[in-house]
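Reviewing the structure listed below.
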Amino acid sequence: MSRLYNNPSVHMKNPELVEKKLKQMAVDGLDRLMIISDFDFTLSRHKDKNGEKCWSTHGVFDAVARVMNPELKQMFDELYKKYFSIEFCPLMTVEEKIPYMIEWWDQSHAHIVNAKFSRETIEGFTSNSRIFLRERAEELIGALSEHEIPLIVFSAGIGNIIETVMRNQLGAIPETMHIISNLMIFDDQDICADFTKPLIHTFNKNSSVITGDQPFYNQIVGRTNVILMGDSLGDIHMDVGVEHEGVALKIGFLNINFDTLLAKYLDSYDIVLVDDQTMEIPINILDHLRNSAFIGSRLSLTCHE
Ligand code: MG7
Ligand code: MG
């Protein structure tokens, strides 16, 4: 795991614990592993190659509104200005933030529904959006699919937009990838008429919003170990409710406010990647587990002989 050490973007509060978790995951093997990942600014880039800010899935509607409805754009901007600083405020507790997040999502979704955008418009703007998968994300997703490791994408963004981005940038969505998110519901004229419930916002990404029988359930049965990836402190409980009793290795991408947030991220995530727009470390970890599993299976073969 050489990339974890002497790497200026990698921070760990307890490297021994990380080592211990990796060892356990290596012993248990790839068929005990699943990945749970956030989408916006985790699977997707926070900044492009020129250092310019990228968009979240909701950001697509800022672009739609800018072109088609400037008044609506102004309303989105006002909401963003008010609520984004609350979302990332280092002084407020999660409990204090939750009512504001519900207000933000409710108002934003109501504006989207009122504007009666068509599926075609939304997909067109999504295809031309500044939402890009992180560098080497395609390679990571490909490797997970190849090894039949489930990837649960758990997002407080908009699932239909995630699907379009994935299809555009990966060609197809692997059978082992599943998206839990807010979905737009289209009417018979293909106009966005509602959003699915329960609402998923930054701070309720846990069992409370995973309702009903999930189609991926049979793929994750027996997968006791989890690698969790997120960029918000709200992402650290995404494994609660997905039944697993083994190891959870949590990787946090710290994209903004490095000085004020690093200590909190180190308390919550096993590995914190500061200002890193790549999937290099997760790929490195997967490679390490693959090689260990290979050596493990060789050893057990030798033992049986
Ligand atoms: N986020 C949440 N909402 C909005 C919105 O209406 N507009 C924009 N531009 N961004 C929004 O994946 C969820 C992320 O999306 C952002 C309702 C939040 O910052 C959140 O972290
Ligand atoms: Mg995010």
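All ligand and atom numbering here is 1-based and tracks the order in the structure. Computed from a predicted structure; not experimentally measured.
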Give the atom name of whichever N/O/S atom in [X] sits closest to the Mg ion (ligand 2).
X	value
D38	OD2
D40	O
D231	OD1

task: Ignoring hydrogens and angles, tell me if any N or O in the side chain of N160 forms a donor-acceptor pair with the backbone of M184 under 3.5 Å.
output: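 Yes.
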### Message
I'd like to know if the side chain of R136 and the backbone of P282 have a donor-acceptor N/O pair within less than 3.5 Å.
### Response
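Such a contact is absent between R136 side chain and P282 backbone.
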Short N or O distance, [X] and ligand 1, threshold 3.5 Å exclusive:
X	value
D40	yes
E87	yes
Y80	no
D38	no

Of all the non-hydrogen atoms in the protein, which one sits nearest to [atom], and at what distance?
atom	answer
atom 17 (C) of ligand 1	W105 CD2, 3.6 Å
atom 7 (N) of ligand 1	H58 CB, 3.5 Å
atom 9 (N) of ligand 1	D62 OD2, 2.9 Å

Any idea how [X] and [Y] line up, ring-wise: parallel (<30°), tilted (30 to 60°), or perpendicular (>60°)?
X	Y	result
Y80	F84	parallel
F76	H111	perpendicular
W104	Y83	parallel

Next item on the list: Give the minimum heavy-atom separation between S181 and I162, together with the two atoms involved.
Entry: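 Of all heavy-atom pairs spanning S181 and I162, the closest is OG-CD1, 4.2 Å.
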query: For ligand 1, is there an atom lying under 4.0 Å from some heavy atom of F84?
result: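 It does, in that a heavy atom of F84 comes within the 4.0 Å cut-off of ligand 1.
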Quiz item: Out of curiosity, is L79 lining ligand 1, as in a heavy atom under 4.0 Å away?
Solution: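 No heavy atom of L79 comes that close to ligand 1.
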Worksheet item: Does atom CD of Q74 have more than 12 heavy-atom neighbours, drawn from other residues, nucleotides or ligands, at distances under 6.0 Å?
Response: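 No, CD of Q74 has 12 or fewer neighbouring heavy atoms, counting only those of other groups under 6.0 Å.
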Could you go through the side chain to side chain donor-acceptor pair (under 3.5 Å) check for Q24 and D28 one step at a time? CA-CA 6 Å; Q24 185 62 49; D28 292 342; 3.1 Å; yes
Task: Side-chain H-bond candidate by donor/acceptor type, E87 with T202, under 3.5 Å - done: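 E87 vs T202: donor-acceptor pair found between side chains.
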Next on the checklist: Set out, in order, the CA-CA distance, both residues' side-chain angles and the distance that settles salt bridge (charged side-chain N to carboxylate O under 4.0 Å, His left out) for D270 and K13, then state yes or no.
Outcome noted: CA-CA 7 Å; D270 296 300; K13 192 170 161 183; over 6 Å; no
task: Within a distance under 4.0 Å of any heavy atom of G157, pick out the atoms of ligand 1 and give their elements.
output: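 So the answer, numbered in order with elements, is 12 (O).
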query = Can you list the atoms of ligand 1 that are under 4.0 Å from a heavy atom of S108?
reply =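 This gives 5 (C), 6 (O) as the contact atoms.
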- Could you check which of S56, S232, A156 puts a non-hydrogen atom nearest to atom 10 (N) of ligand 1?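 Checking each option, the heavy atom nearest atom 10 (N) of ligand 1 is found in S56.
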